[in-house]
Amino acid sequence: MSDILKMKAASQSVFDDVKTQLANLVAIPSVSSTSREQVEKSARQVAELFGSLGMETQIKTAPTGSGEEGMPAVIARKIVSPEAKTVLLYAHHDVQPAGPLERWNTDPFVATEKDGRLYGRGTSDDGAGVMVHYGALAALGQDCPVNVTCFIEGEEEIGSPSFRNFIEKYREELAADVIIVCDSDNWRVGEPALTASLRGVASLDVKIKVMDSALHSGAFGGPILDAVTVASLLLAKCYNEDGSLAVPGLGGSTRADVHYPEQLFKSDAGLVASYQLAGKGDVAARLWNQPALCVIGWDQRSRAESANALMPETCLRLSLRTAPGTDSEQCAQALASFLQENVPFGAQIETEILECGPSYQAQVSPAEKDMKWALSAAWDKEAVDIGCGGAIPMTADLAQVFPQADILITGVEDPATNAHSENESQDLGDLQNAICAEALFLSRLGGHL
């Protein structure tokens, strides 16, 4: 039996345990935006998980930029030899809120297997990432030829506010020759990919004020537009007629290395048949290499509380995805300036930049070539380079604090995963292949393949 087939068999042999352990993680609602208690519980579960592999595990924290204590992270270490190369395996154990329960087909915190997929919050983002690392090390057993440090973070879903302080505080424990960040996508189910670029992210609060108090819509409507309408008109100015962003200074490219057919994308996204895609260039470029702007929160009157009155003020939160190679802070400032300069009818406007996460562009390295080989071998399918429309802001911090390390971004999500949405799920075949690929990579890096 070849080494590749042996590794596939080893990955299969541990997979029932992997599914059980993933289900145990899903059962903990480790929503970092609302429950520190549950994130602490999840951290203990993760520490126990890697401790069962004989690794030395610790739960650690670091202060955020504002001085508050960050969410707990797990560091697990296995040293095989001082001369061996060291690999840092990153994932995160916190998750997004479930959202409206009526939009789920299953209980979001009960892992449910159906048609080759496992459903539940965190089954993929990023419980699957945790399980790739656990499963790869379990498959290797005592034959792991490299030193391994697992860093399982607990606050990625809230922007990793203590991340930079954490990796600087524990720099010696986290230092590595290669860093594998398992929190991204594959190209499609059954088609592996290595993520070569990431968009950055910035968020802004925008407050629009028209008057001091609400006014009767019949008595004053017409000459006065309410704050929500003014804000809507301002948002419209941010876009060209084709839906591309009209805000100058945001950069971006209309080209990508992989072609994403428009009809396939519309099917993946579950769009209504009549919907026309916004922007220009290849769909993959619009997803990975161009900026994107959306409203992620808006304080306004609900229908249940509707009244015939003009709203005096409103506040909305914008999320800006920034193109690879651009500075997220500069892009956020460009957007804020555009909004301030273009607010309609002289309404009062205030903008506040809340978060700026950098974009990322990978460098070609021997480790990257080895990982693409491992992915291709595990899937029996040639791996491709892709971008990622979502941001993993801490990747740039890792590159700055550990400049000697090669950073590889892998993942097991796919277009049907629904990360951050209802009915999140993970394809189990891809999860098993990802475990095999990481085990193959560690073996090759250590000189065993």
Side-chain angles (χ1 to χ4, degrees), residues 4-28 49 91 93 95-96 98-99 101 103-136 138-139 182-195 258 260-261 263-271 374-384 386 388 390 410-440:
I4 293 174
L5 290 178
K6 288 180 181 177
M7 196 64 72
K8 287 186 176 184
S11 302
Q12 184 176 9
S13 70
V14 302
F15 199 63
D16 283 343
D17 177 53
V18 165
K19 289 195 295 182
T20 297
Q21 300 299 343
L22 179 52
N24 291 339
L25 274 183
V26 171
I28 303 172
L49 183 69
H93 64 91
V95 299
Q96 284 281 328
L101 297 181
R103 297 182 66 89
W104 284 78
N105 296 329
T106 63
D107 187 324
F109 296 109
V110 175
T112 305
E113 187 173 346
K114 181 181 179 182
D115 298 330
R117 300 188 72 93
L118 194 67
Y119 288 82
R121 175 60 84 225
T123 51
S124 191
D125 184 18
D126 190 29
V130 177
M131 288 303 127
V132 167
H133 300 327
Y134 170 78
C182 191
D183 189 21
S184 188
D185 307 334
N186 283 310
W187 175 225
R188 309 200 62 75
V189 172
E191 298 185 36
L194 193 62
T195 300
V258 177
Y260 200 160
Q263 289 304 314
L264 182 58
F265 172 75
K266 292 177 73 171
S267 175
D268 288 341
L271 296 175
L375 292 167
S376 301
W379 263 268
D380 292 320
K381 182 85 172 182
E382 195 68 26
V384 296
I386 62 170
C388 181
T410 64
V412 285
E413 296 180 25
D414 61 71
T417 289
N418 276 3
H420 294 205
S421 186
E422 63 270 6
N423 299 314
E424 177 182 346
S425 68
Q426 172 59 50
D427 182 86
L428 294 173
D430 277 0
L431 177 56
Q432 184 173 323
N433 286 339
I435 289 169
C436 179
E438 187 166 288
L440 285 169

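Just the heavy atoms: all of them, side chains too, but no hydrogens, waters or symmetry mates, feed the values below.
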Do Leu194 and Thr410 have side-chain heavy atoms sitting under 4.5 Å apart?
-> yes

What closest approach, in Å, do Gly122 and Glu424 show between heavy atoms, and which atom pair accounts for it?
-> N-OE1, 3.1 Å

Here the gap from Asp430 atom CG to Gln432 atom CD, rounded to the nearest 0.5 Å, amounts to 10.5 Å

Contact check, side chains of Val132 and Leu431, non-hydrogen atoms, under 4.5 Å | yes

Under 3.5 Å donor-acceptor, Asp185 side chain and Asp414 backbone = no

Side chain to side chain donor-acceptor pair (under 3.5 Å) between Glu422 and Asn418, intermediate numbers included = CA-CA 7 Å; Glu422 63 270 6; Asn418 276 3; 5.7 Å; no

Gap between atom NZ of Lys8 and atom CG of Asp380 - 0.5 Å precision = 3.0 Å

Hey, what do you get for NZ (Lys19) to OG1 (Thr123), rounding to the nearest 0.5 Å?
-> 13.0 Å

Residue pair Met131 / Leu49, side-chain heavy-atom distance below 4.5 Å | yes

From Leu428 atom CG to Asn433 atom CG, the distance as rounded to the nearest 0.5 Å = 11.0 Å

Taking every heavy atom of Ser425 against every heavy atom of Ala416, the minimum-distance pair comes out as OG-O, 3.6 Å

Residues, nucleotides or ligands: over 12 heavy atoms within 6.0 Å of Lys381 NZ | no

One should read off an interatomic distance between Asp17 CG and Leu22 CG, to the nearest 0.5 angstrom, of 11.0 Å

Quick one: closest heavy-atom pair of Ala377 and Ile4, and the distance?
-> CB-CD1, 3.8 Å

Sub-4.5 Å side-chain heavy-atom contact between Val14 and Tyr134 = no

Reported CZ-to-OG distance for the pair Arg121 and Ser421, which is rounded to 0.5 angstrom = 7.0 Å

Where is the tightest heavy-atom contact between Pro108 and Leu101, given as atom of each residue plus distance?
-> CG-CD2, 3.7 Å

Under 3.5 Å, is there a donor-acceptor pair between the side chain of Ser11 and the main chain of Met7?
-> yes

Start with the C-alpha gap between Asp125 and Asp183, add the side-chain angles, then the distance that decides, and say whether side chain to side chain contact (heavy atoms under 4.5 Å, CB included) holds.
-> CA-CA 7 Å; Asp125 184 18; Asp183 189 21; 3.1 Å; yes

Begin from the C-alpha positions of Leu25 and Gln21 and carry the test side chain to side chain contact (heavy atoms under 4.5 Å, CB included) through to its verdict.
-> CA-CA 6 Å; Leu25 274 183; Gln21 300 299 343; over 6 Å; no

Which heavy atom of Gly411 sits nearest a heavy atom of Cys182, and at what distance?
-> CA-SG, 4.1 Å

Without swapping roles, check the side chain of Asn423 against the backbone of Arg103 for a donor-acceptor pair under 3.5 Å.
-> yes

Side chain to side chain, Trp187 and Val258, heavy atoms closer than 4.5 Å = yes

Do Arg117 and Thr417 touch side chain to side chain, with heavy atoms closer than 4.5 Å?
-> yes

Heavy-atom closest pair (Val412 atom, Ala434 atom, distance to 0.1 Å) is CG1-CB, 3.2 Å

Arg188 vs Tyr260 side-chain heavy atoms within contact, under 4.5 Å = yes

